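All chains are named by letter (A, B, ...) in the order of the sequence lines, taking the proteins before the strands, and each is independently numbered beginning at 1. These numbers were taken from a predicted model, which means no experiment stands behind them.
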Amino acid sequence: MAQRYNFREAEQKWQAVWDNEQTFAVSADPDRPKYYVLEMFPYPSGRIHMGHLRCYTLGDVVARYKRSQGFNVLHPMGWDAFGLPAENAAMEKGVHPASWTYENIATMRGQLRAMGLSIDWSREFATCNPSYYRHEQDLFLDFLAKDLVYRQDGWVNWDPVDKTVLANEQVIDGKGWRSGAPIERRRLAQWFCRITSYSDELLSALETLDRWPAKVRAMQENWIGRSEGAYIEFDFATGPDTPLRVYTTRPDTIFGASFCAIAADHLLAESLATDNPGAAAFIDECRQLGTSEEAIQTAEKRGFDTGYRVRHPFVEGLELPVYIANFVLMGYGTGAIFGCPAHDQRDLDFAHAYDLPVLPVVVPQGEDPAAFEVGTEAYTGPGALANSEFLDGMDVDTAKRTVIGRFEAMGCGEGAVNYRLRDWLVSRQRYWGCPIPVIHCDSCGVVPVPREDLPVVLPEDIDFESPGNPLDRHPTWKHVDCPSCGAAARRDTDTFDTFMDSSWYFARFCSPEADEAVSREAVDYWLPVDQYIGGIEHAILHLLYSRYFMRAMRDTGHLDLAEPFAGLFTQGMVNHATYRDDAGEWLEPQRVVQQDGAFVRADTGAPVTVGRIEKMSKSKKNTIDPTDVIRDYGADTARWFILSDSPPDRDMEWTDAGVQGAYRFVNRVARLVMGNTDALPAPGTVPDGGTSPESQKLRALVHGAIADVTDDLERFQYNRAVARLYELTNDISSAVNDGAADPACLREALEVLVRLIAPMMPHLSEEMWGTLGHETRLSDTAWPEADSSLLVADTVTYAIQVNGKLRGTIDLPAGVESAAAQEAAKEIANVAEFIAGKEIRKAIFVPDKLVNFVV
RNA sequence: GCGGGCGUGGUGAAAUUGGUAAACACAAGGGACUUAAAAUCCCUCGGCUUCGGCCUUGCCGGUUCAAGUCCGGCCGCCCGCACCA
């Protein structure tokens, strides 16, 4: 028996070889088909976690598989290196954010390299490096020149813990997405990306993303939130001269209107508040109200009667009261609505609270218009218009069109499309981010930093001792002369949202050394990313911003592309069981052992409660460090296990037993190859035609496995591929034990096994390729092709059914005739029993599959 | 409320256009080898059974020669969004 496979030596050896030989370094080559594989780049938090291991293993399988199929594969890696944790570390530990970040990068780079990834490391960069962010500043100035970004004063989301503003997308259930702190509202002048100018395009192009998960597309569709309706202008009977402009999706219900309402932040409300203490108090109250789901659900509909009255556009003499209402949002439409209580639940609740009329104007089919009433539930379904003069009798859609036509003719409204999407707020009052390259001058206003002065580099001497924005506090950094008039002026002391950095990094990877943001030649060749892989948590944020960024870069002439990611795969989470001791404290898995079927503490033997299987998290202490697993079992074992059992898009459970199972398989493959090399003919020997039946059977199994595994890899069904490779290994082992397969066939079988596991276990397969006598690199070897003539079996197993129930099976020659198959089927004892004495009314024959007798 | 998904053994799961449900693995149990252990190998492993078989994919119904798969109606769970007019 040959010696044992030493994964430590082999993995280190092959990682060094790939590195020295620059195996995975690529360059653009228009003569070859390209394939761009990318996993979402990591934030350098300190150490890699299981989520990284899963994501990068999945990506590496794609990269290595596509490479073996002859594609010119771009598979880069970098660091999403700006962000708040670096500043928090600076405050807690007194280290500079830059050194903290670069130290983490060094650690994590080493951990990723130990995974044996087929990365082109020559393209690596970190977004916190001025050589990267200078181009981001450049892009920003291009966007500014094209009016794709702007600065505006308005109400923004303020995170009181992280002490910065946040984009709408970063407020989850009324709380900051990082800090979890309830969001406050502040009025500030901030920078925005005009993402809403692409609302329509971002929505309609979702249809073209057929290799994206339906769920992600649906989430973006929701977020963009298109609605069709109309603007209507109401003239005041009492109140200001300019009419009140509202947005509605139900213009057909105009005759059911019984009030108008405006948001607390509406200009009209604010101006009223200046000399009306009651209004001011009510507006204040509205702003106090939380925006969490709970707050919204429990909040009562409340309003403040402004005393203003508007005229109904069609009903002579009808005046509607105008309220400031707590349920009207400034951020949608015009921040003003007309209320039709009969056909909108919120309006109905409000009408009940303030004793306003409820007039049904849409009557469901079969109801008597004169008798139809609305109780506590608004009617929002289809029906015929009633109580609506010229609309009476129409269906809802016709009524909408008709009334919009009437508004347009009267000049008091028009049909309109509205989007829920808001512009992306990108300024952050933080230090560790890309400085915003503008200067504020008292006489010239906002002045772009001249291009020759880029990059605007972060100062290094920075003080984190006192609260607030460190850049703003810096004694000298912000003081500069105005580039336009030369007078004393100030730099913008905000930095960009780090999502700006990640919105174009995939483009930078195409030409990381380019003097421009991107080299046109490089992006034309490499983009779009063919397969992007990452977590579903970025379904809206990163993936929507990147889609905006590509369009903005397109419209500023940097590239010619709208969609950055042609294919998207969202991987599931890695979970682990949780444990608590009898005091209720969480316990790390390493501190728990199983004894006689029960879980106890390893140190004291005290009983342990096994909790739910949950996402690995520090707070529940149920994390496993991937590096420990790689150290103890090897990268191939870790990769193989993480690909086994669970489909990649589903959550999986990490178990020690599963890891050990994978480890056994690694050694089994190694034993199978190493223990049989002596008997094999030289590499390159092809099985000839005169092989034994056993050999032919083995060859059929081997080529069947090639076909199946190839199919599985194409469809991202890695758990199936793993199962299929277990089967192949079992088949080859049996053939070896039987000893009847000829050596050339055995060589073929072992080589195919090694080649098929290569994308998943690159070190083991590369080592075994050498063991099999090859001087070449398996990494440079083409993917095996199935011989289709071997995929056709001589005999097939038929299922024999009686009345659709299985009553037996029988092996028959492939391609047998219906009659012959039926005759043979009737011979089976159990089948004969079930058809005995009965008339066969019908016989179904599915070639090479089954016979079904209907009696 | 809107949108997306899921429901199959003790567990993770598999089942290509409807065509032999439970492949493969984990766990468990039994055995072989060994002074012993580890490693390895072999066997059993959905339920019931009179050992012939019968039943079984959340529940009810339908289509079909045939349904985990298609259709209708329920039940349950997970995820995302949500006072968006």
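Pairs of residues two or more places apart, or lying in two chains, that qualify as salt bridge (Lys or Arg N to Asp or Glu O under 4.0 Å) and include a residue from residues 326-344 of chain A are A:D344-A:R346.
Nearest to the side-chain atoms of A:L329 among the listed nucleotides B:C81, B:U16, B:C83 stands B:C83. Among the nucleotides B:U16, B:C81, B:G4, the one closest to the side chain of A:W223 is B:C81.
At the heavy-atom level, A:R217 lies nowhere under 4.0 Å from the strands shown. Residue contacts for A:F834: at a heavy-atom cut-off of 4.0 Å it reaches the sugar-phosphate backbone alone, with no base atom in range. Residue A:N830 is classed as a sugar-phosphate contact, given heavy-atom separations below 4.0 Å to backbone atoms only. Looking at heavy-atom distances under 4.0 Å, A:R302 makes no contact with the nucleic acid at all. At a threshold of 4.0 angstrom between heavy atoms, the contacts of A:S644 with the nucleic acid are absent. Residue contacts shown for A:P647 are limited to sugar-phosphate atoms, with no base heavy atom under 4.0 Å away.
With the nearest nucleotide of RNA chain B identified for both A:I536 and A:A214, A:A214 has the one nearer the 5' end. Nearer to the 5' terminus of RNA chain B, by closest-nucleotide assignment, is the contact made by A:Y798 (compared with the other of A:Y798 and A:G333).
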Report all interatomic pairs (protein N or O, nucleotide N or O of nucleotides 23-30 of chain B) with separations under 3.5 Å.
| unit_1 | atom_1 | unit_2 | atom_2 | d |
| --- | --- | --- | --- | --- |
| B:A23 | O2' | A:E727 | OE2 | 3.4 |
| B:A25 | OP1 | A:N730 | ND2 | 3.3 |
| B:C26 | OP1 | A:R664 | NH2 | 2.9 |

Please write out each protein N/O paired with an N/O of nucleotides 61-68 of chain B under 3.5 Å, distance rounded to 0.1 Å.
| unit_1 | atom_1 | unit_2 | atom_2 | d |
| --- | --- | --- | --- | --- |
| B:C65 | O2' | A:N852 | ND2 | 3.2 |
| B:C65 | O2 | A:N852 | ND2 | 2.5 |

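The side chain of A:R4 places no N or O atom within less than 4.0 Å of a non-bridging phosphate oxygen (OP1 or OP2) of B:U40.
Secondary-structure stems of RNA chain B, taken as three or more successive Watson-Crick or G-U wobble pairs (i with j, i+1 with j-1) under a 3.5 Å distance threshold, comprise B:1-7 with B:75-81, B:10-12 with B:24-26, B:28-32 with B:40-44, B:46-48 with B:53-55, B:58-62 with B:70-74.
Proximity of residues 337-347 of chain A to RNA chain B (heavy atom under 4.0 angstrom from any strand atom) is restricted to A:I337, A:R346.
A tilted orientation is assigned to the rings of A:Y718 and A:F716, their planes being inclined by 30° to 60°. Aromatic ring orientation, A:Y726 versus A:F665: tilted (interplanar angle from 30° to 60°).
In this structure, CD on A:E285 lies 11.0 Å from CD1 on A:I283, to the nearest 0.5 angstrom.
Shown here, B:G52 is classed syn by the O4'-C1'-N9-C4 or O4'-C1'-N1-C2 angle, which is within 90° of 0.
Shown here are the side chain to side chain contact (heavy atoms under 4.5 Å, CB included) partners of A:T306, two or more places apart in sequence or in another chain: A:L272, A:Y308, A:V322, A:I324.
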